[in-house]
Every structure is written in C-alpha cells, then in structure tokens.
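Structure first, commentary second.
First listed ligand is number 1; within each ligand, the first listed atom is number 1. Please read all numbers here as calculations on a predicted model, not as lab measurements.
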Amino acid sequence: MTKNSTVALQLKSLTKTFKSNTDVHIAVNNIDLDVQQGELITILGPSGCGKTTTLRLVAGFELPTSGEIILDGEVINNMSANKRPMTMVFQSYALFPHMSVFENVAFGLRIQHVTPLKEKVEAVMSLMDLAGLEDRSPHQLSGGQQQRVALARALVMEPRVLLFDEPLSNLDAKLRVHMRTEIRRLQQRLGITSLYVTHDQAEAMGLSDRIVVMNNGHIEQVGTPAEIYLKPASVFVADFMGRSNFIKSTVLTNLEGKLGLDFFGKSIALQWDERSFVPDEAVYLIIRPEAVKLTSDQKTEARLEGEVKHAEYLGSQVDYVVEVSGDHSISVIDYNPQFNQIHEEGERITLYFPTEAFHILPQS
Ligand code: ADP
Ligand code: MG
C-alpha cells in the first residue's frame, strides 16, 4: 500500500441476523473493515463463520440488520444490487450453458446497454487468454477456462470492486494454485479493489495484501499474511492458520522482580515487549513446528528431551511428533533434512525452542 492510499470500501459495525421461528442467528456480528483502493483483502475462516453473508451484504444481495456499507465515501446500504458498481465471481462459475463464451462475457454489457460491446468483450477475452474461444459453449471448455470466462464476465463490467466467493473451490489442487497466481497478477495489473472469500489458508496467504480472519460472525484479526501467521492475535487464529504447538505456561517473578516464564518446570527469561504481563498470569507459549530445532548449535535455555512417536519423511521435510515430559506432544518440522539426521520412531532426541520464536497469548 502506498502512503497516500485512499479507502475504497468501508464496513462499519456491519451486522446481519437471520431469524427463524425458533432462534435468531447472528451471521455477521458488528464487523469493521477498511479496504484500500487497489487492495486485495481475503476474508478467511471456517465454514459457516459468515464470509459469504458479508460478501452478499457488500454486493447488495442481503440487507444489513444494522451498520453501514460505504463505497467511496457514500453509504450504499439502500442501493440495489444491480446499481452497485461491483461484480461477483462465484464458486460454481454460473455460466449460461446455452450461450456461447462470447455471449456469456457480453451478457452484463447487453443488459446495461454498454458500448462498444464487441471491442470490450474482445479486449477482456484477450486479457484473459481466451481469444479464439468466443464461439465455444461453456461445456467445451476446461475447468480453468470456464473459471477464466467467469472472471472475464466480471471484469468486462469494469467494476469498482470485484467480489470473489471461493472461486477456485471446484478446481483440482494444481489448477487452483495456478489460477490464484493468475488472479493475483491480473488484480495487481489492473489495480482493482477486491474482496475475496476463502476457507483455504494457503490461498489467502498467497493472494492477499491483507487477510481478515473471521470466526463465528466476528473478526478475530486483520493483518498482512506475515502478521497473521507470525503474530496471531488469538488462540483461534494461531490454531486456524497452519499448525502451532500450544505450551501451557505461567508468568513468573524472580527474586529481583523480573518476569519470566515457566517452561516445563524451569524458569526462562521473558523477552517480549509487545504487551505487559502480570505475575501468575496463565499464558500459552505458541511455537510453529518449523521453529522448533533439532540441532545442538541452538543456544537457548528452552530445551527438552523427548521420544519420537511419529516420523514422516516427505523429501523436502520430515514431520515429527515428539512426546515430552509426561504426555505432552510437540510437532516439529525439519526442513531440508540431511541423510544422517533423520530420526526414527522410538529414538530419544533433544528439542531446542528458540525463545524469540515463542508467541505469547493469554490462556483465556
Ligand atoms: P460461510 O460463507 O463462512 O461458510 P455463511 O455466511 O454462508 O458462512 O453463513 C453464516 C451463518 O449464517 C451460517 O450459520 C448459515 O447457516 C447462516 N445463514 C446464511 N444464510 C442464511 C439464510 N438466508 N437464512 C438463515 N441462516 C443463514
Ligand atoms: Mg460461503
């Protein structure tokens, strides 16, 4: 983001409840979000957390129960969906099966009487690498091509904001990665403000300027992929974004009054300045599997002996589960393992925990 960035889309205390005979369900719970001009933000979270509802509120397919949707400074709560300068790309491409590719892409332009129609369609077809396929039917295209047609159909409208609802979920794993790179490249090239919904962490990490992690209708954290991964704001985020080890600990005070942390019965220095801690506070020491080291050149006072319970050799990495101190298990990933450094199940090894790699969160 540049310094003089401007806010394109704002959500203010946005809330949506669904009422049935028996209960009231808060699908979107008081969320605030600023999307900058040209930014791609993903809304990430488990199934049912309110991602699609948020997107549908922005698109105008649902009316908010309370709160505001603001586009370029104007409240658009009451603007009908077809007046909003936004287009949505869906998971099921929602192409019209009996129309040619050209007519599928041209559809929105025809409805809104936009001209010059042919030139606009051809330009976007060429942009999407679809030139020459104009006369085909959607069923004569591969999954990747169909997805590109769906994208072309959205882009041809030159929307102010592009909305995506899990657009790649129907594609196989390899094509998904390819398409997400393509979407990102295109989005950056066109500088188009985008809101992208997914439940796939890797997709969110690979695509986004910033990620919004949602849980149960509310926002847990908004941040860059690195902030979300390395400085999760909550236990939920740490657990949802990749794998984490959660080690229960307590904030200790030594005789000089300095704060430390309990690490399996031993006191280690607390080198953390992001927030203050109180003595006796119950915390988690959170550490990623790849941050736990297996070699003795690690200078750290936090080390543990354990027994390898599970070892999975995957070529570029070995995944271990190591049982330490009673029945506590630690996940470890050793990247680029050397031939003579692969440990076997049943082996006793030492784990080194670089203390600066601990991320500390309160237990409650
Ligand atoms: P996500 O896209 O994150 O999987 P949704 O936004 O689709 O989640 O749904 C959030 C919650 O709201 C879910 O519990 C879902 O069942 C509920 N919900 C969504 N749409 C409706 C609706 N039209 N009527 C009642 N409940 C709904
Ligand atoms: Mg959804």
Among protein heavy atoms, which lies nearest atom 19 (C) of ligand 1, and at what distance?
F18 CE1, 3.5 Å
So is R288 actually on top of Y229's ring, under 6.0 Å and inside 45° of the axis?
yes
Side-chain ion pair, R176 and E203, N-O less than 4.0 Å
yes
Under 4.0 Å to a heavy atom of A27 - the qualifying atoms of ligand 1, by number:
11 (C), 12 (O)
Quiz question for you: does at least one protein heavy atom lie closer than 4.0 Å to atom 16 (O) of ligand 1?
no
Can you find an N or O of G48 that's nearer than 3.5 Å to an N or O of ligand 1?
yes
Within the 4.0 Å heavy-atom cut-off, what R56 brings close to ligand 1 is neither
Within-cutoff protein neighbour (heavy atom, under 4.0 Å) for atom 27 (C) of ligand 1:
yes
Any salt bridge between E182 and R184, counting N to O under 4.0 Å?
no
Tell me whether G50 reaches ligand 1 (any heavy atom closer than 4.0 angstrom to a ligand atom).
yes
Kindly confirm or rule out an N or O of T52 lying under 3.5 angstrom from an N or O of ligand 1.
yes
For the pair R348 and E305, find out whether any cationic side-chain nitrogen is under 4.0 Å from an anionic carboxylate oxygen.
yes
With respect to T53, determine whether any N or O atom, backbone or side chain, lies less than 3.5 Å from an N or O atom of ligand 1.
yes
Could D319 and R243 be called an ion pair, given the rule that one side-chain N must be under 4.0 Å from one carboxylate O?
yes
Could you check whether any side-chain N or O of Q317 sits under 3.5 Å from a backbone N or O of L314, counting only pairs where one atom can act as donor and the other as acceptor?
no
What atoms of ligand 1 come closer than 4.0 angstrom to any heavy atom of H25?
11 (C), 12 (O), 13 (C), 14 (O), 17 (C)
State whether S47 contributes an N/O/S atom found under 2.8 Å from the Mg ion (ligand 2).
no
Any side-chain heavy atom of S13 within less than 4.5 Å of one from E68?
no
Over 60° means perpendicular and under 30° means parallel, so tell me whether F358 and F353 are parallel, tilted or perpendicular.
parallel
